[in-house]
Amino acid sequence: DAGVIQSPRHEVTEMGQEVTLRCKPISGHNSLFWYRQTMMRGLELLIYFNNNVPIDDSGMPEDRFSAKMPNASFSTLKIQPSEPRDSAVYFCASTSYNEQFFGPGTRLTVL
Amino acid sequence: TQLLEQSPQFLSIQEGENLTVYCNSSSVFSSLQWYRQEPGEGPVLLVTVVTGGEVKKLKRLTFQFGDARKDSSLHITAAQPGDTGLYLCADYMDSSYKLIFGSGTRLLVRP
């Protein structure tokens, strides 16, 4: 198995632009999580999907952030419009029992 | 809200030395997990401990869980450069799906 796949690995964009991050979870895992990691705040849970349904989006910072999971093998996290304070590493993780498997992350830089 | 505090924040040691890092919780752990995150990658689960007083070993790594289930330590014997990374403790908040992470200990093992 290839593990959790995220794309792109790096994204540099200008303030105000739309950013879309992509995630392919491990096949057979029915839970998917999006996290954000910064030096100041560490790893923070943004949103959790179970069986493709958003269960908890209380960690999404504001309305500029949205996430979808149209099927069991694909999820997106969109930021529109992006701001410099959104610069961080964004991780996607999928779960088997109590173990979360993380993707390699997308390093986002908003100028 | 449960808070996980890790210490020290940073540790730089010479290859071959021993070290211990700590994780303390403001409330009783549900199910404590230790992760290691290498530069440019996502966290990878090392171990899960559930029972107070539990000790688990993973090659040169020894994990201890406090009797009261509010603290844990990770001891590395004869550290190697490959041990370099960010060590994170985490707990499932209120035994739910939500994983809360500590801020981590950043370890550098110099050759």
Side-chain angles (χ1 to χ4, degrees), chain A residues 1-11 21 23-26 29-51 53-60 77 88-109, chain B residues 1-10 21-26 29-51 54 56 58 63 65 69 72 85-108:
Chain A
D1 199 323
V4 176
I5 299 172
Q6 290 188 247
S7 64
R9 291 295 310 272
H10 302 271
E11 177 80 36
L21 312 181
C23 174
K24 177 177 167 48
I26 294 173
H29 289 188
N30 59 3
S31 295
L32 184 140
F33 301 80
W34 281 99
Y35 290 89
R36 178 171 67 177
Q37 187 176 40
T38 61
M39 287 293 290
M40 290 297 294
R41 300 174 66 92
L43 259 173
E44 303 174 280
L45 177 64
L46 299 177
I47 188 168
Y48 157 60
F49 291 88
N50 190 46
N51 292 323
V53 177
I55 303 300
D56 182 353
D57 65 356
S58 60
M60 296 286 262
L77 177 67
V89 182
Y90 291 81
F91 288 100
C92 172
S94 65
T95 300
S96 174
Y97 298 99
N98 267 358
E99 180 173 356
Q100 293 201 8
F101 293 81
F102 285 79
T106 295
R107 181 173 294 276
L108 174 64
T109 302
Chain B
T1 303
Q2 183 183 20
L3 293 176
L4 302 185
E5 290 202 12
Q6 292 190 243
S7 61
Q9 282 187 291
F10 302 98
V21 299
Y22 302 91
C23 175
N24 291 285
S25 174
S26 58
F29 284 108
S30 303
S31 172
L32 170 65
Q33 298 188 329
W34 282 96
Y35 287 79
R36 178 169 64 210
Q37 183 179 11
E38 296 183 11
E41 299 296 331
V44 175
L45 180 66
L46 295 174
V47 75
T48 300
V49 284
V50 177
T51 306
E54 188 173 3
K56 282 192 174 180
L58 187 66
F63 303 86
F65 200 19
R69 297 173 61 225
S72 180
L86 178 66
Y87 288 81
L88 296 159
C89 64
D91 187 30
Y92 279 98
M93 193 171 92
D94 300 325
S95 301
S96 71
Y97 58 84
K98 190 174 279 192
L99 201 56
I100 304 296
F101 285 88
S103 54
T105 292
R106 202 166 292 275
L107 172 66
L108 172 64

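Numbered from 1 within each chain, the chains take letters A, B, ... in sequence-line order. This structure is a prediction, so every number in the text was calculated from the model and none was measured.
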(request) Using non-hydrogen atoms and a 4.5 Å limit, figure out which bit of Arg41(A) sits close to chain B: side chain, backbone, both or neither. (result) neither
(request) Indicate whether any N or O donor in one side chain lies under 3.5 Å from an N or O acceptor in the other, for Gln37(B) and Gln37(A). (result) yes
(message) For the CZ atom on Arg106(B), are there more than 12 heavy atoms of other groups (residues, nucleotides or ligands in this structure) within a distance under 6.0 Å?
(response) no
(request) Answer with side chain, backbone, both or neither: which region of Leu88(B) has an atom nearer than 4.5 Å to a non-hydrogen atom of chain A? (result) side chain
(request) Measure distances from Thr38(A) to the heavy atoms of chain B and classify the residue's part below 4.5 Å as side chain, backbone, both or neither. (result) neither
(message) Minimum heavy-atom separation for Pro104(A) and Glu41(B), please, with both atom names.
(response) CB-OE1, 3.9 Å
(request) Just give me the residue among Ser103(B), Ser31(B), Pro43(B), Gly42(B) that pairs up with chain A most often, heavy atom to heavy atom, under 4.5 Å. (result) Pro43(B)
(request) Identify the heavy atoms of Arg9(A) and Gly40(B) that sit nearest to each other, and give their distance. (result) NH2-O, 2.9 Å
(message) Is it true that, when you exclude Glu99(A) itself, more than 12 heavy atoms of the residues, nucleotides or ligands shown sit nearer than 6.0 Å to its CD?
(response) yes
(request) Please tell me if the side chains of Asp56(A) and Tyr97(B) come closer than 4.5 Å, counting only heavy atoms from C-beta onward. (result) yes
(request) Nearest 0.5 Å please: distance from the CG atom of Leu99(B) over to the OH atom of Tyr35(A). (result) 4.5 Å
(request) Below 4.5 Å from any heavy atom of chain B, which atoms of Phe101(A) appear? Answer side chain, backbone, both or neither. (result) neither
